[in-house]
Amino acid sequence: MPELPEVEAVCRKLRVQARGARIVRMRVERPGIVQPQSKTKIEREVADCVLEDVERRGKNILLRLSGGRVLRVHLRMTGNLYVIPNVRFRPSGTRVWWEMEGGRGLVFEDSRALGKVHLYSAGELEQALENVGVEPLSEEFTEAWFVTAARRSRKPAKLFLMDQQYVAGLGNIYAAEALFRARVHPERPVCGVSKPKLAALHSAIRSVLEEALASAELAYAEPGRFVEGESFARAVYGREAEPCVRCGGRIRRIAQGGRSTYFCAGCQR
DNA sequence: TCGATCCTGTAG
DNA sequence: CTACAGGATCGA
């Protein structure tokens, strides 16, 4: 599921469906999801709060509750967060759920159970997010800022893009897609990438995320036309050994930071 | 900066 | 059976 576009799509849907709802109770089915916080304490403190607003910082979903507390939900690899009509009929894989006034449910479904749900008081949230960098779809994400940040890091370009403390919200797929659009080699130390290519990369990050957001929102539209899945057209991710759509070269897969990176060795230099 | 780790599901 | 998975953290 979740890089910035999918997380943003989740937030937008929750704002429509759940904003203003009273939470009758919260149940943590898998204590590991809230650790090191206490399951009983978090359940007790969230009961009877109103979900006042839904925000996003990077890949973090922030559920603002009455009383100034905030639930931070991180979907990690396989998490999803959505409203169901009847809280009694929860999907298998539900790790945490909230019963809302009227019987509807808010469900955190996460087959691998790697996700996180933490509760903060107003003051605590700030430090929990201190390592979350600039929002790539905000005004703050300027070319000048990006070039400066890149010049200061010797990380391979792909790892730089995936590091949440610089640009917040890119993950394995969209980092690879942005590098492809800008013709940047993923292993190239980012401080050594030329100015024109950094400019191209900056705008590629925006365009990739915007397109992916548009398709992520469609994927959540009424069932029937688009089912689950991704309609964003990937140029490189998951296309090992296929021909490059731009130069006809072969897409390669390498490992970086324990993850797969896909790129075209022909046109990414 | 790398590798192991947290988990479960699915594809080959 | 093994490999791998759209993430992040921890310790060596």
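The figures that follow rest on heavy atoms only: side chains count, while hydrogens, waters and symmetry mates do not. Throughout, protein chains are lettered first and strands after them, A, B, ... in sequence-line order, and every chain is numbered starting at 1.
- Taking atom NZ of residue A:Lys158 and atom P of nucleotide B:dT1, one finds them 15 Å apart after rounding to whole Å.
- A:Lys59 comes within contact range of the sugar-phosphate backbone alone, with a heavy-atom separation under 4.0 Å but no base atom that close.
- A:Gly258 comes within 4.0 angstrom of nothing in the nucleic acid, heavy atoms only.
- Sorted by first then second residue, the ring-ring contact (aromatic ring centres under 6.0 Å, His included) pairs that include residues 176-197 of chain A, not counting sequence neighbours, are A:His185-A:Phe263.
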Report all side-chain donor-acceptor pairs from residues 126-133 of chain A shorter than 3.5 Å, counting only partners two or more places apart or in another chain.
none

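- For the ring-ring contact (aromatic ring centres under 6.0 Å, His included) test, no residue two or more places apart in sequence or in another chain qualifies with A:Phe108.
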At a cut-off of 3.5 Å, list every protein nitrogen or oxygen paired with a nitrogen or oxygen from nucleotides 2-4 of chain C, distance to 0.1 Å.
unit_1 : atom_1 : unit_2   : atom_2 : d
C:dC4  : OP1    : A:Arg253 : NH2    : 3.2

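- With sequence neighbours excluded, no residue satisfies salt bridge (Lys or Arg N to Asp or Glu O under 4.0 Å) with A:Arg252.
- A salt bridge is absent between A:Glu242 and A:Arg250: the closest approach of a Lys/Arg side-chain nitrogen to an acidic carboxylate oxygen does not fall below 4.0 angstrom.
- Atom pair A:Arg259:CZ and B:dG3:P shows a separation of 15 Å (rounding to whole Å applied).
- Comparing the P positions of B:dT10 and C:dA8 gives an interatomic distance of 23 Å, to the nearest angstrom.
- Atom CG in A:Leu4 sits roughly 16 Å away from atom C1' in C:dA8 (whole-Å rounding).
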Evaluate side-chain hydrogen bond (donor to acceptor under 3.5 Å, both in side chains) for A:Tyr174 paired with A:Glu6, printing each intermediate quantity in order. CA-CA 11 Å; A:Tyr174 302 128; A:Glu6 293 79 21; 2.6 Å; yes

Pairs counted as Watson-Crick or G-U wobble with both distances under 3.5 Å: what dot-bracket string results for DNA chain B, using | for bases tied to another strand? ||||||.|||||

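- Here the separation of C:dG6 from B:dT1, taken at their P atoms, is 22 Å to the nearest Å.
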Please tabulate, for the side chains in residues 112-123 of chain A, all donor-acceptor contacts under 3.5 angstrom to protein atoms that are two or more places apart in sequence or on a different chain.
unit_1   : atom_1 : unit_2   : atom_2 : d
A:Lys116 : NZ     : A:Gly32  : O      : 3.2
A:His118 : NE2    : A:Val34  : O      : 3.4
A:His118 : NE2    : A:Gln35  : O      : 3.1
A:Tyr120 : OH     : A:Arg72  : NE     : 3.2
A:Tyr120 : OH     : A:Arg72  : NH2    : 3.0
A:Ser121 : OG     : A:Glu124 : OE1    : 3.2

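- One atom, CD of A:Gln165, and another, C1' of C:dT9, lie 13 Å apart when rounded to the nearest Å.
- Taking atom CG of A:Asp163 as the reference point, atom P of B:dT1 lies 10 Å away to the nearest angstrom.
- Remark: A:His74 is not in phosphate contact with C:dG7, judged by side-chain N or O atoms under 4.0 Å from OP1 or OP2.
- Listed by first and then second residue, the ring-ring contact (aromatic ring centres under 6.0 Å, His included) pairs involving residues 149-168 of chain A are A:Phe160-A:Tyr166 (not counting sequence neighbours).
- In this view, A:Glu210 satisfies the salt bridge (Lys or Arg N to Asp or Glu O under 4.0 Å) rule with no residue, not counting sequence neighbours.
- Note on A:Gln164: every side-chain N or O is 4.0 Å or more away from OP1 and OP2 of C:dG7.
- Remark: A:Lys197 pairs with no residue by the salt bridge (Lys or Arg N to Asp or Glu O under 4.0 Å) rule, at least two apart or across chains.
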Extract all donor-acceptor atom pairs below 3.5 Å that involve side chains of residues 17-24 of chain A and protein atoms in other chains or at least two apart in sequence.
unit_1  : atom_1 : unit_2  : atom_2 : d
A:Arg19 : NH1    : A:Asp53 : OD1    : 3.0
A:Arg22 : NH1    : A:Asp48 : O      : 2.8

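- The same atom, C1', is picked in B:dT5 and in C:dC1; the two are 22 Å apart, to the nearest Å.
- As rounded to whole Å, 11 Å separates atom C1' of C:dA5 from atom CZ of A:Arg234.
- The distance from atom CZ of A:Arg57 to atom P of C:dA8 is 13 Å, rounded to the nearest whole Å.
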With B for base contact, S for sugar-phosphate-only contact and - for none (protein heavy atoms under 4.0 Å), nucleotides 5-12 of chain B reads -BBBS---

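- When atom types are taken as modelled, the side chain of A:Arg259 and the backbone of A:Ala255 share no donor-acceptor pair closer than 3.5 angstrom.
- Rounded to whole Å, the distance from CG on A:Leu159 to P on C:dG6 is 14 Å.
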